[in-house]
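Written out below as structure tokens is the structure these notes cover.
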Amino acid sequence: MKTLHVFAVAFVCVAICVANFSIIQAASDDEDKAIADSLAAMLRAGRTVVSRNQDRINNPDIGDKGLDGKTVMEQALKIYQENTKTDPLLIDPSSRHGRLLRAQMDAIAEVMDSNQKTINQPGVGFKAFIPATFGRLVNEAFAKRVGSEAEMKITAPLDLVRNRKARPDDWETEVIRDKLLTASWPKGQLFATVATSRGRPAFRVAVPVLPLLPWRPEGAD
């Protein structure tokens, strides 16, 4: 079984590391690129829902915001489908792609359901439930579900990251600086290469994403 490490890289990109398989296989594995891109798209879809609802979340005059796990996932699925032209519910749930994507969907729903008290707290304005916080919590819940098979991380250029856990490693720093932030890099194009991740040979993918508004650097929570 190959190990897939997924790194969602801040508002800048999503970096994905696929480890524990041969370098030759990693370099040619389009399936893992597709899985990485899919997981990145789902995380971004969830963050988009949270971003679009910031005014509602932070409205002290509204109690129940109507943003439970089921509701947010319904909105995220629509955004995912619009952006990828693929219905995630049609992906074979017994496949590696399907298992990991459903684990991420479950993680999104879990985070929203477990934070209802914060989101729905009346009389309080800013709840600090921003896309960066949401993304970090989703990644943690995702990791608990998939163990060593997959891992997600949100990061950004070092000067934008305050959360120590979200700081980019050397590979992420180099890819962000020399690839994804350059004017010549095609909008939305992923970057993939064989590199080391946590001391193991890995297939790593970075997928550029746009910043979400209201914007705060990832790792700022």
I need the R47 CZ to R44 CZ distance, nearest 0.5 Å. 8.5 Å

All pairs passing salt bridge (charged side-chain N to carboxylate O under 4.0 Å, His left out) where residues 106-124 contributes a residue, at least two apart: E110-R145

Between CG on residue D64 and CG on residue D68, distance to nearest 0.5 Å: 7.5 Å

Would you mind reporting whether S38 and H97 have side-chain heavy atoms less than 4.5 Å apart? yes

Using 0.5 Å steps for rounding, measure from the CD1 atom of I119 to the OG atom of S114. 8.0 Å

State, yes or no, whether a side-chain contact exists between P131 and V50 at a heavy-atom distance under 4.5 Å. yes

Under-4.0 Å salt bridge between E82 and K78: no

Evaluate the criterion salt bridge (charged side-chain N to carboxylate O under 4.0 Å, His left out) for residue pair E140 and R136; output intermediate values, then yes/no. CA-CA 6 Å; E140 291 173 356; R136 173 177 57 80; 3.5 Å; yes

If you define the side chain from C-beta out and look only at heavy atoms, does anything of L100 sit under 4.5 Å from F142? yes

Taking Q54 for the side chain and F129 for the main chain, is one N or O donor matched with an acceptor at less than 3.5 Å? yes

Near D87 CG, under 6.0 Å, is it more than 12 heavy atoms from other residues, nucleotides or ligands? yes

Is it the case that the side chain of T86 and the backbone of T84 share a donor-acceptor pair, with hydrogens and angles ignored and the cut-off at 3.5 Å? yes

Separation of Y80 OH from L101 CG (nearest 0.5 Å): 5.0 Å

Which heavy atom of A76 sits nearest a heavy atom of A45, and at what distance? O-CB, 3.4 Å

Is there a donor-acceptor pair under 3.5 Å between the side chain of K65 and the backbone N or O of G63? yes

Whether the side chain of R102 engages the backbone of S94 through a donor-acceptor N/O pair (distance < 3.5 Å, no angle test) should be reported. no

CE on M73 to CD on Q104, rounded to 0.5 Å: 8.5 Å

Sequence neighbours excluded, the answer for salt bridge (Lys or Arg N to Asp or Glu O under 4.0 Å) partners of E174 is none

Verify same cluster id: I35, L89 (apolar side-chain graph, 4.5 Å): yes

Any side-chain to backbone donor/acceptor pair from K127 onto G125? Under 3.5 Å, distance only. yes

Determine whether a donor-acceptor pair (N or O, by modelled atom type, separation under 3.5 Å) exists between the side chain of N115 and the backbone of T118. no

Side chains of I108 and F134, heavy atoms from C-beta outward: is any pair under 4.5 Å? yes

Could you tell me whether the side chain of M42 reaches within less than 4.5 Å of the side chain of V138, counting heavy atoms only? no

Quick one: closest heavy-atom pair of L77 and P88, and the distance? CD2-CG, 3.4 Å

Is a side-chain donor or acceptor of N53 paired with a backbone partner of R56 at a separation under 3.5 angstrom? no

Quick check: closest heavy atoms across G66 and T71, and the distance to 0.1 Å? O-CG2, 3.3 Å

Have D170 and T173 got a donor and an acceptor in their side chains that come within less than 3.5 Å? no

Report the distance from atom CD1 of I62 to atom CG of N120, rounding to the nearest 0.5 Å. 10.0 Å

